[in-house]
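To start, the structure itself, in structure tokens.
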Protein chains: 2
Amino acid sequence: MRRRHVGRPRADGSRNEGHPRDEIIAVASRLFSEHGVARTTMSEIARRSGLRQSSVYYHFKDRDQILVEIVSVANRVILEHLERVTADGGSAAERLYRLLRFDARQMCRFAFDINEIYRLGALQDERFADFWNERQELNDAVAALIAEGIADGALREVDPTLTALVLLSNDEGTQNWFRSMGEFGQVGGEHYDPEDIATFVADLALAGLLRDRDEVDHLRARALELDPRD
Amino acid sequence: MRRRHVGRPRADGSRNEGHPRDEIIAVASRLFSEHGVARTTMSEIARRSGLRQSSVYYHFKDRDQILVEIVSVANRVILEHLERVTADGGSAAERLYRLLRFDARQMCRFAFDINEIYRLGALQDERFADFWNERQELNDAVAALIAEGIADGALREVDPTLTALVLLSNDEGTQNWFRSMGEFGQVGGEHYDPEDIATFVADLALAGLLRDRDEVDHLRARALELDPRD
DNA sequence: CCGACTTTCGATGAGCGTTAGAAAGTCCCT
DNA sequence: AGGGACTTTCTAACGCTCATCGAAAGTCGG
């Protein structure tokens, strides 16, 4: 049994089923996505949540707190997929392909910009600590996958840590132009969707890493089978 | 013959040889780089330039104007290198390798963050128009290089435009973690410098694109010879 | 019905980017 | 040498932002 609307009523009379926190997160997420974090004001977030500006601070300590809440989802989605991929088994190369493709797709689809976090979050530790830890976890997992692939002879001999960093940041970089493409319509008259891009990025990465490059077709087929378009 | 200190003297008595514009650009560039664009205030820029806050507006229309001035350099440096590479001749694959490596190196070295521009500049056209046009020019050039490489049989058959976008954004993505690495010391206990990273990124890209992957060693050797560490 | 708790409000303050107009010099012409 | 034009900087002010504070308006449990 849930209490019904405890607390002072809102000025505009609106009521919110479920936690206002969630409503704020949803609204902020969309605004951050549309206008960028820097150009989104607390007033705007409050207004669209049916609240006065200062009321948002009852639910969140400050603006960055909202950000943290949103971005922590990003890493978590990919880490979850990592677990699934691990559970499914298959060769290291196959798991790597699936992870990279999923990550790139996720980046393109993600409600807003991971790159902005690097700017806003890089300095102020503490609050973003969880984010960076999970990021590190992801990076270690990819590095381990690469090391495994090298060990079993499927991949060329590269530095696993460096390669993991480069591959993950490739995915993030992809988001840059994909997002601006959305705003400007197309790039160079062509249109690409997240599926195409993600698949191509994964293809290119493994074509560069595999000893036997013909293997890529097989990996792609497996990935499309196990992680279909949703 | 140059006039000596026309205009009202500064409050703090400081004098500036050369144009204050250049001083402001230099100061802003460093601050943007250290703290990010979003967290750099006009007061801080002014203070370090020996000016009062509002005096900066005599030299620049607004904050973004300073940004535009700085970032326009980024594309231009790479476009210049493109010209040099074109003039030097060599196979399409060789020119592509050199361009990618230079771009990645440039990104790591660049005083501040290209990714932030995508966020801040994406929406407000006009002022950033030149930046985007030059970016497009670069992209077209890379796509043309790839097309040429496919035509002469050196590269696999890929979509030149899509590949160009992905490769360039890879370079940009690299900057993300390279920069945060610098702040946090190292990543995973390892240390990488821009040369290593850039060379690896170019290696990986061409290993994925070349039909004959053994060719990479040759391309790398040529690139190191023609574009030595500076 | 009353006190405790929850949620929102309105008022307020410090700090930001930006604008406007005055001020303090140099330069050039007579 | 004097004075007007020009250049560069200043001080003062405005409107907007994020954030804090204490009061207010409801529900809940006894």
Side-chain angles (χ1 to χ4, degrees), chain A residues 1-25 27-28 31-32 35-69 120-121 124 126-127, chain B residues 1-25 27-28 31-32 35-69 116 120-121 123-124 126-127:
Chain A
M1 181 80 70
R2 186 64 88 71
R3 314 147 127 194
R4 285 165 43 192
H5 298 119
V6 195
R8 178 170 173 170
R10 297 183 172 182
D12 67 353
S14 74
R15 318 202 136 200
N16 196 316
E17 310 309 323
H19 291 295
R21 264 187 91 86
D22 299 337
E23 171 89 17
I24 293 170
I25 290 285
V27 166
L31 289 174
F32 286 166
H35 314 307
V37 176
R39 305 210 186 259
T40 299
T41 68
M42 293 298 272
S43 307
E44 187 73 4
I45 293 172
R47 204 173 54 73
R48 302 228 199 179
S49 305
L51 290 166
R52 304 293 179 186
Q53 185 241 146
S54 69
S55 302
V56 176
Y57 289 86
Y58 177 75
H59 302 282
F60 296 91
K61 194 190 157 300
D62 55 25
R63 217 159 127 278
D64 285 344
Q65 185 83 35
I66 301 179
L67 204 56
V68 169
E69 214 97 348
L120 299 173
Q124 17 168 200
E126 299 300 329
R127 278 177 300 199
Chain B
M1 181 81 72
R2 186 64 87 71
R3 315 146 128 193
R4 284 166 41 194
H5 297 119
V6 194
R8 177 170 174 171
R10 298 183 172 181
D12 68 353
S14 74
R15 318 203 137 199
N16 195 314
E17 309 311 321
H19 291 294
R21 262 188 92 87
D22 299 337
E23 171 90 19
I24 293 170
I25 290 284
V27 166
L31 289 174
F32 286 166
H35 315 307
V37 177
R39 306 214 185 255
T40 298
T41 68
M42 293 297 273
S43 307
E44 187 74 1
I45 295 172
R47 206 172 54 72
R48 303 227 199 179
S49 306
L51 288 168
R52 303 292 180 188
Q53 191 228 160
S54 70
S55 301
V56 176
Y57 290 84
Y58 176 75
H59 302 283
F60 297 91
K61 195 189 157 300
D62 56 25
R63 214 158 131 279
D64 286 345
Q65 184 82 37
I66 302 179
L67 204 55
V68 169
E69 214 96 347
E116 208 165 355
L120 299 172
L123 302 165
Q124 17 169 200
E126 299 300 329
R127 278 177 300 200

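Because the structure is predicted, anything quoted here is derived from the model rather than measured. Numbers restart at 1 for each chain; the letters A, B, ... are given by sequence-line order, proteins then strands.
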Residue met sooner reading DNA chain C from 5', once A:His59 and B:Tyr57 are mapped to nucleotides: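 The 5'-side residue here is A:His59.
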Interface residues of residues 40-52 of chain B with DNA chain D (non-hydrogen, below 4.0 angstrom):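 DNA chain D contact set from residues 40-52 of chain B: B:Leu51, B:Arg52.
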[X]: side-chain contact (heavy atoms from CB on, under 4.5 Å) partners, not counting sequence neighbours:
X       : value
A:Arg52 : A:Ala11, A:Ser55
A:Ser54 : none
A:Arg10 : A:Asp12, A:Ser14, A:Asn16, A:Pro20, A:Leu51

Rounded to the nearest Å, what distance is computed from the [atom1] atom of residue [X] to the [atom2] atom of nucleotide [N]?
X       : N      : atom1 : atom2 : answer
A:Leu67 : D:dC18 : CG    : C1'   : 15 Å
B:Gln53 : C:dG17 : CD    : P     : 7 Å
A:Arg63 : C:dG15 : CZ    : P     : 18 Å

Under the salt bridge (charged side-chain N to carboxylate O under 4.0 Å, His left out) test, residues paired with [X] that sit two or more places apart:
X       : result
B:Glu44 : B:Arg47, B:Arg48
A:Arg8  : none
A:Asp62 : A:Arg127

N or O in side chain of A:Tyr58 less than 4.0 angstrom from C:dT7 OP1/OP2: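 Yes.
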Closest nucleotide among D:dA19, C:dT26, C:dT8 to the A:Pro20 side chain: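 Closest of the options to the side chain of A:Pro20: C:dT8.
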Which atom pairs link the protein and nucleotides 21-24 of chain D when you take only N or O atoms and keep those under 3.5 Å?
| from | atom 1 | to | atom 2 | distance (Å) |
| --- | --- | --- | --- | --- |
| D:dA24 | O4' | A:Arg8 | NH1 | 3.4 |

Axis-to-axis angle between the two ends of the helix from C:dC1-D:dG30 to C:dT30-D:dA1 (five base pairs per end, rounded to 10 degrees):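 Here the helix ends are tilted 20° relative to one another.
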